[in-house]
Amino acid sequence: MNSMTKKDIAWDLSEIFPSSADPSVQKAIDNLCRMAEHLAKKYQGKIGNLSAEHLADCLKEFEAYRAKLGDVSLFSELSFAANMTLPETQSHHDKVTKTEAKLGKMLAFFELEVGALVSKNPRMISDKALANYKHALERLKSQAAHHLSEVEEQLAIEKDQYGVKAWEELQMKWLNTRTFEVEVEGKKKTLSFGEAGGLFPHPDRATRESAYKSIYGLLGESGEIFSSALRNTCNDWLNVCERRKYDSPMHASLIENDVEEPIIDNLLKTVESNVDLYRRYLKLKAKMMELTRLGCHDLIAPLSNAPRTTFSYDGARDMVIKAYSRFDEDYASAVKDMYAKNHLDSSPRFGKQSGAFCASWYNGKSAFILDSFNETLRDVYTLAHELGHATHDYYSQRRQTILNLRIPMIVAETASIFGELLLTDLLISEAKSDAEKKAILTSVLDMAGNVIFRVTARARFEQSLYSALKQGDYLDYETMCKQWIVARGKIFRNTVEWFSEMNAEWTTVPHYYLANFRFYNYPYVYAQLFVYALYQTYLEEGSRFVPKFKEMLSAGSSVSPLKIGRIAGLDVNDPHFWKLGIRQYEHFVKELEEIVN
């Protein structure tokens, strides 16, 4: 095992609880159970008769419960994500998961009864006593048509606890408890998934090839396990859709994201009609790397002749703070606060969840970030991205109550992608040579291209799975791989040469396995192009844009994504809107072409 020789950068969760064994944890769980019992006794079967004023009081009590639940759940999830192989974190996570399921069943009536009340009396939503909850109630009303009976909702929670959620856990645990044999610059090493995946942007091409083939080769050997997990997850969802009367497998995600289907259709079609722009960039990158055609292991790799720059963790922190401060000094406050409170867990380690995420903490008016920092430029961008999420939390938590913090994914990525662009501006302005600029622009185009174009392929792949299942097809591992290749080919055509091992790439995408949350992909495409369009507005308006942007972040989910866009003068309903975002990507391509040519 490749051990960390540097200081372990681990978050400090003691602000929430001292440790999982501390008596305060059990005390909090006991208190949570009492709060849930009180809510059930006070409101179950009675919400349908509440006045607007009394409903407002009920919602406030429910928010107080959710805040306490957030502390217990967050501590469990973060402890498990950072060290999922430790017996104590496994035991605690299991205990909290069971408690959440028990309390979820106890309070299953809440949204059902509130949804039924506002569906029966829609005018109540506009009552001044409920002004703070207006849009939250509008969203709940749209979900009410798909609610089941209280008993059925309780049964669904019971079923999912050891059913579809078990498939989700299987995929995550398999990935993060395996080791991979990788040849790193000629030396064989045994690495965790996070460490091996951290080599994907390694400057040495042979090292990248070894990392890709090792990871996806091993995944392919267990392909039937992953296809079983995904097939059963998808079949389970089709049953859920039928029971809940969703129009399509994507319908629930549209409701959750507070967006209309024509907007998403237009988004994906706009991307697909502009794939030649992405292919144009990929051919340019192949030229810069002196290759006839890119290999799959070159897609997120640095240029072969780029300066070999590594970034220290402290240096990366300072760069992100500087980038945010250049936009607005106050805007960097959240970033500084995250580091001051030691709310980041950035060291790769065995048993740590792969990837990166930012988890909000309402009671602390803060957040926690997990990533695996391997000293690359890409890792710096990951920090800029996740710290953007923390900044979004910083502004929204100080303005909104909990029920107005159910931020749709299509909006939740706004500050994170904006943070990446702020970092790009800083890096380009401080670049000392064309070689540095090429390296930066290549990294930007790699990452944005991955989100805009490759994630569109992921969305189409997911759609193809449901279409096949509806036709009665059996999706074994090989069939899923063929579906993946077809979706991938529509984006890349012949611009990239793929290792056969890469047929298993879909197995690593955690979003496909999430219990009861399908189509976790297109929101990233939406967000990327929305923020690219937003950034053009910033470049035009300068400092006048800053208060508008803060207002957008502060809104949380208190207004729709459509209205959030209008704060900055953008209209996502416009059929031509998404071309604005494509134009920003093209701007980066042209900027790179000018340097190369």
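Just so it is clear, the model here is predicted, and its values are computed rather than measured. Just so you know, these numbers use all the heavy atoms, side chains as well, and skip hydrogens, waters and symmetry mates.
You'll find the side chain of Glu462 stays beyond 4.5 Å of the side chain of His511, heavy atoms only. Between Trp578 and Phe530 the shortest side-chain heavy-atom distance falls below 4.5 Å. Taking 4.5 Å as the limit, some side-chain heavy atom of Gln397 sits within range of a side-chain heavy atom of Leu405. Within the 4.5 Å cutoff, no side-chain heavy atoms of Gln154 are placed close to those of Phe109. In this structure the side chain of Leu383 reaches within 4.5 angstrom of the side chain of Leu344, judged on heavy atoms. Proximity of Tyr466 to Met250: side-chain heavy atoms (C-beta onward) are nowhere separated by under 4.5 Å. In this structure, the side chains of Pro249 and Leu238 come closer than 4.5 Å at one or more pairs of heavy atoms. In this structure, the side chains of Ser366 and Met338 come closer than 4.5 Å at one or more pairs of heavy atoms.
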Item to check | Test side chain to side chain contact (heavy atoms under 4.5 Å, CB included) applied to His392 and Ile407, step by step | outcome: CA-CA 10 Å; His392 201 156; Ile407 303 174; 3.9 Å; yes
Next on the checklist: Walk me through whether Ser396 and Leu553 qualify under side chain to side chain contact (heavy atoms under 4.5 Å, CB included).
Outcome noted: CA-CA 6 Å; Ser396 60; Leu553 302 186; over 6 Å; no
Checklist entry - Which is it for Ser227 and Glu224 under the side chain to side chain donor-acceptor pair (under 3.5 Å) test, yes or no, and what are the steps along the way? => result CA-CA 5 Å; Ser227 62; Glu224 288 301 335; 3.1 Å; yes
Checklist entry - Under the side chain to side chain contact (heavy atoms under 4.5 Å, CB included) criterion, do Tyr477 and Thr479 qualify, and how do the steps go? => result CA-CA 6 Å; Tyr477 173 67; Thr479 303; over 6 Å; no
Item to check | Glu413 vs His385, side chain to side chain donor-acceptor pair (under 3.5 Å): CA-CA, chis, key distance, verdict | outcome: CA-CA 9 Å; Glu413 297 295 324; His385 179 99; 3.1 Å; yes
Item to check | side chain to side chain contact (heavy atoms under 4.5 Å, CB included) assessment of Met552 paired with Leu534 | outcome: CA-CA 11 Å; Met552 292 172 72; Leu534 193 65; 3.9 Å; yes
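A side-chain donor from one of Tyr43 and Glu61 sits under 3.5 Å from a side-chain acceptor of the other.
Asp330 and Tyr395 get closest at one heavy-atom pair: OD2-OH, 3.0 Å. In this structure, Thr507 and Gln171 approach most closely via the heavy-atom pair O-NE2, 2.9 Å. Taking each heavy atom of Leu50 and Cys58 in turn, the nearest pair found is CD1-CB, 4.1 Å.
Interatomic distance, Asn363 CG to Ile16 CD1, rounded to the nearest 0.5 Å: 9.5 Å. Within the model, atoms CE of Met84 and CD of Gln353 stand 5.0 Å from one another, a figure rounded to the nearest 0.5 Å. To the nearest 0.5 Å, atoms OG (Ser79) and CG (Leu74) are separated by 8.5 Å.
Under 4.0 Å is where a charged nitrogen must lie from a carboxylate oxygen, and between Arg518 and Glu256 no such pair does. Taking a cutoff of 4.0 Å between a charged side-chain nitrogen and a carboxylate oxygen, Glu169 and Lys165 do not qualify as a salt bridge. Ionic pairing of Glu551 and Arg399 is present here: one or more N-O contacts between side-chain nitrogen and carboxylate oxygen are shorter than 4.0 angstrom. Residues Arg34 and Asp30 are not paired through a salt bridge, judged by the lack of any N-O separation under 4.0 Å between the basic side chain and the carboxylate.
Heavy-atom neighbours of Lys102 NZ from other residues, nucleotides or ligands within 6.0 Å: at or below the threshold of 12. By the 6.0 Å contact criterion, NZ on Lys550 is enclosed, its count of non-hydrogen atoms from other residues, nucleotides or ligands being greater than 12. Heavy-atom neighbours of Arg398 CZ from other residues, nucleotides or ligands within 6.0 Å: above the threshold of 12.
Although no hydrogens or angles enter the test, the distance criterion places a donor-acceptor pair under 3.5 Å between the side chain of Glu386 and the main chain of Cys358. Side-chain atoms of Lys245 never come within 3.5 Å of backbone atoms of Glu242 as a donor-acceptor pair (strictly under, hydrogens ignored). When atom types are taken as modelled, the side chain of His389 and the backbone of Phe357 share no donor-acceptor pair closer than 3.5 angstrom. Remark: side-chain polar atoms of Arg460 are not paired, donor with acceptor, to backbone N or O of Ala487 under 3.5 angstrom. Checking side-chain atoms of Glu113 against main-chain N and O of Ile47 turns up a donor-acceptor pair under 3.5 Å. A donor-acceptor contact shorter than 3.5 Å is absent between the side chain of Gln528 and the backbone of Ile452. Between the Asp236 side chain and the Asn232 main chain, no donor and acceptor come within less than 3.5 Å of each other. Proximity of a side-chain donor or acceptor of Asn266 to a complementary backbone N or O of Pro575 within less than 3.5 Å is detected. Within the 3.5 Å criterion, the main-chain N or O of Leu403 finds a donor-acceptor partner in the side chain of Glu63. Formation of a donor-acceptor pair under 3.5 Å by the Ser557 side chain with backbone atoms of Asn404 is found in this model.
Exactly one residue among Lys563, Arg406, His135 makes a side chain to side chain donor-acceptor pair (under 3.5 Å) with Asp258. That residue is His135. A side chain to side chain donor-acceptor pair (under 3.5 Å) with Asp94 is found for exactly one of Lys98, Gln90, His92, namely Lys98.
Taking the six-membered ring where the residue is Trp, Tyr65 and Phe62 present tilted rings, their angle falling between 30° and 60°. In this pair, Phe17 and Phe75 present their aromatic rings perpendicular. The plane angle is above 60°, beyond the 30 to 60° band. The aromatic rings of Phe519 and Tyr522 lie tilted to each other, with the angle between the two planes from 30° to 60°. Aromatic ring pairs are classed by plane angle as parallel below 30°, tilted from 30° to 60° and perpendicular above 60°; the pair His146 and His251 is perpendicular. Ring geometry, Trp174 versus Phe226: the interplanar angle exceeds 60°, so the pair is classed perpendicular (tilted spans 30 to 60°). Tyr331 and Phe418 have perpendicular rings, their planes meeting at more than 60° on a 0 to 90° scale where under 30° would count as parallel. Aromatic ring orientation, Trp361 versus Phe368: tilted (interplanar angle from 30° to 60°).
Geometrically, Lys341 does not engage Tyr339 in a cation-pi contact, judged by NZ or CZ lying under 6.0 Å from the ring centre and within 45° of the ring axis.
Taking the ring centroids of Trp484 and Phe461, they lie under the 6.0 Å cut-off.
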